[in-house]
Structures are given as C-alpha cells and as structure tokens.
Amino acid sequence: PQPLAGDSVGEESAPAFAPAAVPPPPDANAGITDAPMPLVPKKYIAPVVVPPPVQPKKTVKADKGALDDLMGQLVAQKGEMEARGQKGWSEAGGARKTGGGDAAAEEARKRAEAAAAREMERDLDKRIRVVVNTYPPTTIQTKPLPLHYPDILTVKKKNFKEGVCRVYYRVKTNQYGKIIKREIKTPATKEAQEHFKVFIDAVASEVDNWPFEEVEADIHVDVYFTIDL
C-alpha cells in the first residue's frame with residue numbers, strides 16, 4: 001500500500017481537494033429599497049344615475065274631459081259678453097244701438113225725434129205757415145221741421161197792429177252741413193227787425209238747430225206768423 005499523504009508523523013491528513021462551495025441562503029430583504037413606491041392610478045367609478053319614475057300616460061278619456069271643461073268655460077264667457085252687449089241696445093228702438101256711434105249722427109237723430117214730437121203741435125197751431133226752398137234741393141225743402149210760436153206773454157196784440165209778421169231767414173251750409181252764413185231778408189230795416197225781434201228770434205233759434213244735409217246749400221226759410229191773440 002501507498003503511504004498516506006500527509007505529515008511525517010503518520011497521521012492522516014486532510015484530503016488534497018476542497019469540498020464544493022455551498023451557496024448561502026437567500027436574503028429575505030433582497031430587492032427591498034428605500035425608494036418610494038410608484039403611484040398606481042385609481043380606477044374611475046362613474047356615479048350611479050337613478051332615472052326618474054315614469055309618469056303614467058294620460059288616458060284619452062281624461063284628455064277629453066279636460067277639453068270639455070275648457071270648451072264649457074269658453075261658451076260661458078261668450079254668453080256673458082253677449083249679455084253685456086245686449087244691454088247697450090234700446091228696447092224701444094228695436095235693434096238700434098243707443099250707446100256709442102257717431103256723435104253727430106246721434107245728435108241729429110235726437111233733433112229729428114224732438115221735431116217729430118212737436119209735429120202735432122205745429123199742425124194744431126194754425127198761426128204759423130212755413131215755406132222752405134233749398135238750392136240744390138234737399139230733404140229739408142220737402143219736409144221742413146216745425147217752428148214754435150213765440151211766448152204769448154211777450155207778444156202783445158196792441159203792439160202789433162199789422163196782424164201778421166213775415167220773417168224771411170236765409171242760411172248757407174258747407175259740405176259738412178254746418179251753417180257758415182246767416183241773413184235776415186225780411187224784415188229789412190233795423191227798426192222793423194227790432195219791432196218784430198220776438199218772431200225773428202223764434203225762427204232763427206229753430207232753424208239754426210235743423211239737421212241739414214252734408215252738402216253746400218243755400219236755404220231760404222219764409223215764415224208767416226198770424227198775430228191773433
């Protein structure tokens with residue numbers, strides 16, 4: 001046998017080859033550093049939207065009822081308006097409306113009615129005779145309005161020996177039927193006009209209020225008063 005390698009004392013020495021290196025155990029703190037951890041973006045969560053409750057649809061019957069109510073209100077309002085309008089109509093005049101309208105036409109109507117009311121009085125008063133001529137011819141020529149006899153208290157027979165008084169009154173109208181000129185043809189003199197003033201005033205006051213036609217005209221009013229008191 002070969003001598004053992006080693007020292008000279010004959011003791012068994014360590015083997016000449018080195019044993020395989022054993023890897024150290026893994027470090028539990030490996031990979032851990034003091035650097036801050038990266039921020040991870042949060043996932044966006046949309047809010048939950050709760051839909052409004054669904055309203056039940058109106059039925060055809062309900063809509064028809066609302067329409068009937070509306071139509072009833074309109075009919076009632078129309079009836080009230082018609083009732084108010086009928087109050088402005090005159091019962092005596094039939095369908096003639098008394099309120100509103102043209103003021104001039106209304107005034108002419110009132111004068112005509114007043115004149116018609118005095119027509120009987122004129123017919124009974126035989127002391128007055130009226131002749132009217134207009135150029136051009138107008139309605140007032142064929143249908144002159146009545147004239148009143150002066151107040152008998154101011155007419156004293158002893159002051160009028162003539163027994164008759166003639167007043168010839170002439171007026172001119174424009175295209176609107178308004179008097180633009182007046183003239184006393186008879187009595188002619190100032191003395192006579194002063195003497196028969198009560199008769200002249202009676203004619204002028206009546207004729208000036210006649211409703212003349214809207215036309216330029218020359219109107220001649222010839223009046224005879226019988227002084228028989």
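Between Ile128 and Pro146, every side-chain heavy-atom pair lies at or beyond the 4.5 Å cut-off. At least one side-chain heavy atom of His148 sits under 4.5 Å from a side-chain heavy atom of Glu206.
Contacts of Tyr176 classified as ring pair (Phe, Tyr, Trp, His ring centres under 6.0 Å), with partners at least two apart in sequence or in another chain: none. For Asn133, there are no side-chain hydrogen bond (donor to acceptor under 3.5 Å, both in side chains) partners, not counting sequence neighbours. Residues passing the salt bridge (charged side-chain N to carboxylate O under 4.0 Å, His left out) test with Glu183 are Arg170, Lys185, sequence neighbours excluded. The side-chain hydrogen bond (donor to acceptor under 3.5 Å, both in side chains) search around Glu107 returns none, not counting sequence neighbours. In terms of the ring pair (Phe, Tyr, Trp, His ring centres under 6.0 Å) criterion, residue partners of Phe196 (sequence neighbours excluded) are, by chain and number, Phe160. Remark: Tyr168 pairs with His220 by the ring pair (Phe, Tyr, Trp, His ring centres under 6.0 Å) rule, at least two apart or across chains. Residues meeting the side-chain hydrogen bond (donor to acceptor under 3.5 Å, both in side chains) test with Ser205, sequence neighbours left out: none. Scored by the side-chain hydrogen bond (donor to acceptor under 3.5 Å, both in side chains) test, Thr138 finds Thr134 as partners (sequence neighbours excluded). For Arg129, the side-chain contact (heavy atoms from CB on, under 4.5 Å) partners are Val131, Tyr224, not counting sequence neighbours.
Residue Tyr169 forms a side chain to side chain contact (heavy atoms under 4.5 Å, CB included) with just one option from Val223, Asp208, Val132, and that option is Asp208.
Ring geometry for Phe199 versus Phe225: interplanar angle of 30 to 60°, hence tilted.
Here the closest heavy-atom approach between residue Ile179 and residue Phe212 is recorded as CD1-CE1, 3.8 Å.
Remark: Asn174 CG to Lys172 NZ distance equals 12.5 Å, nearest 0.5 Å. Atom CZ of residue Arg182 and atom CD1 of residue Ile219 lie 11.0 Å apart, to the nearest 0.5 angstrom. Residue Ile180 holds its CD1 atom at 7.0 Å from CD of Glu216, rounded to the nearest 0.5 Å.
Judged by distance alone, the side chain of Thr173 and the main-chain N or O of Asp218 form no donor-acceptor pair under 3.5 Å.
The list of side chain to side chain donor-acceptor pair (under 3.5 Å) pairs with a residue in residues 187-200, not counting sequence neighbours, reads Lys197-Asp201.
Inspection of the Thr139 and Glu213 side chains reveals an N or O donor paired with an N or O acceptor under 3.5 Å.
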